Every structure is written in C-alpha cells, then in structure tokens.
2 protein chains.
Amino acid sequence: MSAPEAQRSARPRALRPSAKVLPEHARSHNRSLVLQHLYRGGLQSRADLARETGLTRVTVSDLVAELIADGLVVETGQREEGRPGKPAILLDVNRDGHRIIGIDLSDTGVFRGAVLDIDGRLVTRMEAETDGAAGDEVAAVAVQLVRDLVAAADRPILGVGIGSPGIVDLAGRVLSAPNLEWSDLALQSIVEKTIGLPVLVANDANAAALAEHSFGAAVGDLMLIRVGRGVGAGLILGGMPVFGSRFAAGELGHVVVGTDGGELCVCGKHGCLETWLSVPRLRAGLAAASDDADRDAVLRRAGERLGIALAPVVGALNLDEVVISGPVELLDGPLTQAAIETFRARTMAEFHGRLTVRMSDLGQDIVMRGAAAMVLSGRLGVS
Amino acid sequence: MSAPEAQRSARPRALRPSAKVLPEHARSHNRSLVLQHLYRGGLQSRADLARETGLTRVTVSDLVAELIADGLVVETGQREEGRPGKPAILLDVNRDGHRIIGIDLSDTGVFRGAVLDIDGRLVTRMEAETDGAAGDEVAAVAVQLVRDLVAAADRPILGVGIGSPGIVDLAGRVLSAPNLEWSDLALQSIVEKTIGLPVLVANDANAAALAEHSFGAAVGDLMLIRVGRGVGAGLILGGMPVFGSRFAAGELGHVVVGTDGGELCVCGKHGCLETWLSVPRLRAGLAAASDDADRDAVLRRAGERLGIALAPVVGALNLDEVVISGPVELLDGPLTQAAIETFRARTMAEFHGRLTVRMSDLGQDIVMRGAAAMVLSGRLGVS
DNA sequence: ACATGTTTGTTAGTAAAGCGTACGAACAAA
DNA sequence: TTTGTTCGTACGCTTTACTAACAAACATGT
C-alpha cells in the first residue's frame, strides 16, 4: 500500500459531446421499434406488438395509429384462429405502398439503378452508360438516372440511396473517388436539391455490407469483401456500419499481404491485396494458365492471400461472418475454399468456431439493395 | 428496364430486438450528459451547462439539484469575473466525494488493486500474491483483495471495476482464462454478492484501451496492444469498446503473422504474433543476442511483425491511433519505430496520414485505471 | 341457451419530463 | 439612480407512456 502520489492531471479531454434526448426522440425510437417488429415479423396484432416490444397496448395503439396515418402500416383483416377472445386485427407494413430508389455507381462504364419496394425487391431496373465521362459530367449522368427512376416509380418514394465508390463522409460528400475523378463532391446535397427527396450516399462496399445484413443470410457482425476492379470491404458491427474516423474504413485493397514480395501495384507498392485478388488480375492469371490444375492454383493462391489478410481483422474483431461479393465464376470455388483453409490455419479455431466464410447470394444487385437498406434504416429506423 | 422478377423473399431475419425507451431513460441520459460536461469541463455554472448541452436552464437546474442530492456534484462558490449580471454559482463534480476500486488480475503471480478517485488517480495501492493458486482458490484471493480495498477506502465507493485476463462476456462471466484455470466463472456476480457493491468485469486489454481513451492522450478510434506474457488487444470505436460476437475481440496473440514460417507456439502453430512479440520471447531473444546491434535487430524484427499484423486491421477500421502498452524498456524504441515504418510501408499513407503509433504513458496502472473508467462509464455515464 | 372466461382494442385519468414564459436577485456601467 | 445583463427559479403547458377500466367479440362448459 502506497501513499497517494503525484500524477499528471487525469482529466480527459474533449470528445464528441453526445446530444440531449427529448421525449419526442424517445417517441420516434419507439415508433421505429414497432415498425421494425412489424417489418420483420409480418402480420401481427397490436396486442402482439405490445407483448414483443414491452410497450403497453395503449401506447402501441397510439403509435400504430400514427403509422397508419402516415401510410406506412395497414390493417389486413382479422386473424382466423380458434382462440377465445375478440379476434385480433392484423397489421402489416404497407409493403406495396412506397418505393425506394437504389443506385449503384461502383461499376465501370455504367451506373445501375432500380426502383425497389419496401422489402428490397427490385421493381424496375435502369442503367446509364457513363461513356468515359468524369467529374461533374458523370455526376450529371447519375442525377439524370435518379430523375428517370423517380419518374418511373408508381408509388410515393421514401428516399434515394446511392452507393458510390471512393471515400464518402457521413453527410454524403464523396471526398475522393479517383475512377470518377470526384473529390469533395457534395453528391447527397446535389441530388437532394435536384430531386427534392431525402437522399443518402455511402460507400458501395458499406452499402453492400448493409444489404447482406438486411436482406442476406447474415446473422451478426460481418465483413463484406467486394472484389471488382479493386478490392474493398464493408463492416457491420452490432448492426451498425463502421465508417472509420476518416470515413475510410474497409479500404483494404492497398494493404500489403504476406512477407514474400508480390507484383507491382498501381499504388507503387508490391503485393497489395489488389494485386492478388482484383478481377482484372485474376482474369489475366487464368488466361495465362496452361491447364485446369494451373487455373485452380491461380485461384487458390488468391484465396490464400485473402485468408492471410483477413486473419488479423477477424481476430481483432471476432467476426461471425465474412461474405465475399463479386464475379461468382472467379470467387466461388477454389478461391473461397482456399481462403477458408488459410484462415483456419492462421487463427485460433476455438475463438472463431462459428465464423463462416461464404459468397454473397445477392448477386449484382447487392449495392442497389444496400442503398435501399440505407433508406429503410435512415428514414424508418428499420434494418 | 426490366419487369419485376421473381426473387427470394427479401424479409430479413431475427436481430437483436432493441429496447423500448421510456421518458425516464431520456432523463437519465440527460443527467449523464450534464455530469459528463461537468466532469470534463471543470467549473461551470448551470447556465454554462445549459448552453453547452442545449437543454434549458430550468431543466439543467432540475438535473443539477438531483446530482447535488446524490452527492455527485457540489457548488464551489461564485465566479469572480467583471461581467455584468448576477454572478454565476460554479459547480463541479464532487471529485473527492467518492472512490472507485480498480483491480488488475492480468499479471503473473500477483493481483494488483487500488482505490482511485473520480478522476482516475490512485489513492491507495494494494497487491496480493497468488502463489500459483488457480481456480476458485485464486478467485478467493481476488475477492479478498477487493474486500481489503473496500475497507481501506475513506469515502463512499461508486463501484468496483475488474480487468481480468481471458474471455469475459458482457455479464462479467469469465468464459475462459487458462492462466488462472477459470472457465465459466461468474466473477462479477460472485464479487457483487460478497461485497454488496456494483461490480463490472471486463477483459484486461479492453480495460486498458478504455483507460487510454478516458485518461490517456487518445483522441478517437484506437486499438491498444498489450504485450506481456501473451499479446492481446482492446478496441475503442466511436467511444465504445468493441467486444466481438463471442466476446473474443482483440485476441490477436495467436494469429499467424507473415508468410515465412516462424517459431513454434504453445498453440501448435508456427509464427503466431506471440512468438514474435511476447515479453518472454523478447527477453530470450535479447539474452541470446551478442551485441547492441544484434539486440536492436531482435527488437526491430518484433516491431516489424507487429506492423505486419496491424496493417490489415488499421486498414479495415481506419483507426486514428495504435497504442502499445507493456515493458517500456522492450517496447519503446526500435520496436515501436520498426512497427511504424513497417506499417507505413504496407498501407496507403493518404488514408492513414493521421494514424499515430505510440507507447502508452499510463504505465503499470493502466488496467486498474481502465477498470475505474469502466465504473465511471457504467455507473455515471461518464467517459 | 346461457353464463363464463379470454383476448382485443379503446377511453379516461395520472405521473414524469422538458419546454416557454416570467420573475426576483445580483451585478456592471452610464 | 437608472439601465441593462445574467443567473437561477416558479409556474403552467405539452408530450409521452403508464394504469385502470370497459365494451366488443369470440370459445367453451353446463
């Protein structure tokens, strides 16, 4: 036991000051809570919702009345069950009452967009060629695509979600997107002003991760690896996307993998994850391969590198799931298999016994559906 | 544009159902908010707090009255300023009115504990030898240490924080701590029942990370690497600790680093981070070294491995800071320097320009102070 | 057939939380 | 002394969710 000693002032310094909470905020939280249960659980009565949420029947009734007035919830008739008591009036989210616009700007040469319903199903699909445009010009193409989709929607539109390549901040500014030659482009506010609807912009990999979380088979904390021209990742921890302090979370493409050199990358380093795993490099490797065994080896080598890069991340975050998204013919098979094996060989299996590594089954629409999930989450508090 | 197509049901499955929010929860949030501002900002008047929090002077007055009644806040006289108007009554957290017990179970052979004040300064320090005990026996040593510290405290005790090695769940159960031969030990509830005070238990690396966040020089998202008998890490993202889905976040010690083999680890793999970086291995390496240059090389090699392991994690999370905690004579110097260099060589500097890698300056007390921070955060909502 | 019990949804009244307005107190400057 | 400013508090109001009570609608047992 020692006497109190001189220590430097222990008072912590500034942080984000958090915000006050008013009763109305609590109300909107509970409103979202009710909507969320209804969204997931399907047909339920007010009494069911009260039991599930822990709120009173009275309160639920009140919230539901508000949701019905807003057109978000509808009564769908009575429950036909041989139970005693007054039959329940079933409620459901007004799944066909609204539309969402989802945009994917991440592909090369073409912007994809769609009108989606509340459940994230594509209703109308559109594309817009970018014809090698860049900067403001290509931004105008995106805006026009949104405009066309808004015109094509046959229901009120909840909002517009956009998945963009590059670094995107929380206000929907694209801080840097080299392929489109965007820097500090206030995409969200531009589209919002033009269209007059709520707009949300996020990085494409983050959007994809959200899609997997909301509409895919994902269960808990997950990382989504997007393999395309480059390699990017999106992270969902505890149901919330991880953005990183400079909004650059998931920028894994230019991390060097392994300690044995590697090919030269456009960034000037050797052995970046992209040099092992990007689609162009994979295709080139396959084209140069002489036979099937050789092709297999190319894919397995890429998968091994992915496993090597993932091991520390999964260890540090104790993830449940790693999902890979990209061209199925390249990624599904030896590549994923090798990633799993490498990963298992390089981490403690007992901590990560439940980790699954798999391909996404959302296909090419993953970013558009993720963009829709952003709108659902941002506007309705539903995920 | 294509017609609506058949897609598999898009409805997401079960997630954490979140919880309802009642007005009283909002109140306690605002109460914590006021306390937080006071804790960080020092002497302030009610009107100051109202301006900073956005709440009304009336509401702040009400909350402050409650905090004064609870003994957490005191009036410390009037402000002496040549300003017009009624002079302000200054408030401050009752910094000397309560104590916190902080416990560190992570060291080999000895448990450390301390009575701390609200600002995280050590007031009374104690130690308890474990004498090679294990299981329930060594748990009893910990309980006795807490009891002694409670008896030594000269003020009301806010709570007990414990940093334990191993995997600890959110309820303070130590799921697995091989060194102490604990598995599924409900440490928090055991101590709580014995002592009759609020108890919080967390992993030692997580506690250390919290200490760095609360009392150290840390600014934003950070990862704390704890180098001792093994290697562990704690993560703070957005001010919140990351636990991982199986509560095993930060278990980096047994991730294989590099692609060029490495020494055999106790876990059976070759080249785990622990085989490069643990204190025993470092000391052995230094002892075997012939001259200073050789010793430097040993430390640099270890630092390089740390950098290799960190690169994907920092890339994936876009961290602000990596803090290293452990024996200064080993870690501070060539090792840290090599880690920084390796790291910079393996990632995109432009994304991580603001990343800093440094030693913690909280020394040996880091876990105890982190344990105190857990109590501050859990009991007062202050961080 | 009829009473009984159950479940549902609503009405009425209550407690808590924070707001806006207004007021007295205490001070500086003119 | 007067004026203007700032601080802290008293009062009344709105919002929110709660409890209690009730009517409606149904199944079941006698």
Side-chain angles (χ1 to χ4, degrees), chain A residues 18-35 37-38 41 43-70 73-92 381, chain B residues 18-35 37-38 41 43-70 73-92 381:
Chain A
S18 180
K20 65 176 172 179
V21 169
L22 303 178
E24 73 202 71
H25 299 135
R27 169 117 179 150
S28 87
H29 175 97
N30 288 335
R31 196 184 115 124
S32 287
L33 185 63
V34 166
L35 194 57
H37 276 270
L38 214 43
L43 297 179
Q44 278 170 297
S45 70
R46 293 168 174 84
D48 293 334
L49 290 168
R51 276 185 292 265
E52 281 195 41
T53 58
L55 294 163
T56 327
R57 287 205 307 273
V58 182
T59 305
V60 170
S61 265
D62 195 39
L63 292 168
V64 165
E66 205 178 289
L67 290 167
I68 289 178
D70 289 355
V73 166
V74 287
E75 296 188 340
T76 62
Q78 292 191 353
R79 175 181 282 149
E80 307 142 356
E81 279 187 47
R83 282 200 301 182
K86 176 177 167 180
I89 304 171
L90 291 176
L91 302 167
D92 197 2
Chain B
S18 180
K20 63 176 174 180
V21 168
L22 302 178
E24 72 202 70
H25 298 134
R27 169 112 180 152
S28 86
H29 176 98
N30 288 335
R31 198 184 113 123
S32 287
L33 185 63
V34 166
L35 194 58
H37 276 271
L38 216 41
L43 297 179
Q44 278 171 297
S45 71
R46 293 168 173 83
D48 293 334
L49 289 168
R51 276 186 292 267
E52 281 196 40
T53 58
L55 294 163
T56 330
R57 286 206 306 272
V58 181
T59 304
V60 170
S61 265
D62 195 39
L63 292 168
V64 165
E66 205 178 288
L67 290 166
I68 289 179
D70 288 355
V73 166
V74 287
E75 297 188 339
T76 62
Q78 291 191 352
R79 175 181 283 149
E80 306 142 358
E81 280 186 48
R83 282 200 302 182
K86 175 177 169 179
I89 305 171
L90 292 175
L91 302 168
D92 197 3

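Because the structure is a prediction, the values reported are computed rather than measured. Below, read A as the first sequence line, B as the second, and so on, with proteins coming before strands; counting in each chain starts at 1.
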Residues which pass side-chain contact (heavy atoms from CB on, under 4.5 Å) with A:T59, listed by chain and number, not counting sequence neighbours: A:L55, A:T56, A:L63

Closest listed nucleotide, where the reference is the side chain of A:S61 and the choices are C:dC27, C:dT8, C:dT10: C:dT10

side-chain contact (heavy atoms from CB on, under 4.5 Å) involving A:V74 - partner list, sequence neighbours excluded: A:T76, A:N94

Interatomic distance where CD1 belongs to B:I68 and C1' belongs to D:dG8 [whole Å]: 12 Å

d(CG, B:D48; C1', D:dT6) in whole Å: 11 Å

Nucleic acid contacts of residues 22-31 of chain A, taken as heavy-atom distances under 4.0 Å to DNA chain C: A:L22, A:P23

Separation of D:dC26 P from A:I89 CD1 (nearest whole Å): 11 Å

Pairwise 5' ranking along DNA chain C for A:K20 and A:P87, keeping only the more 5' one: A:P87

Just list the side-chain donor-acceptor pairs under 3.5 Å for residues 19-26 of chain B, sequence neighbours left out, or say none.
from  : atom 1 : to    : atom 2 : distance (Å)
B:K20 : NZ     : A:G54 : O      : 2.7
B:H25 : ND1    : B:L22 : N      : 2.9

Close approaches to DNA chain D from residues 53-60 of chain A, in residue order (heavy atom, under 4.0 Å): A:L55, A:T56, A:V58, A:T59

side-chain hydrogen bond (donor to acceptor under 3.5 Å, both in side chains) involving B:R31 - partner list, sequence neighbours excluded: B:E66, B:D70

Using a cut-off of under 3.5 Å, enumerate the N/O to N/O pairs linking the protein to nucleotides 2-4 of chain C.
none

Residues in side-chain hydrogen bond (donor to acceptor under 3.5 Å, both in side chains) contact with B:Q78, at least two apart in sequence or another chain: none

With sequence neighbours excluded, residues passing side-chain hydrogen bond (donor to acceptor under 3.5 Å, both in side chains) with B:R79: B:D48, B:E81

Whole angstrom value for the distance that separates P of C:dT10 from CG of A:L63: 12 Å

Sugar-phosphate only, base, or nothing, as touched by A:R51 at under 4.0 Å among non-hydrogen atoms: sugar-phosphate

N/O contacts under 3.5 Å, protein versus nucleotides 3-5 of chain D?
from  : atom 1 : to    : atom 2 : distance (Å)
D:dT5 : O2     : B:G85 : N      : 3.2

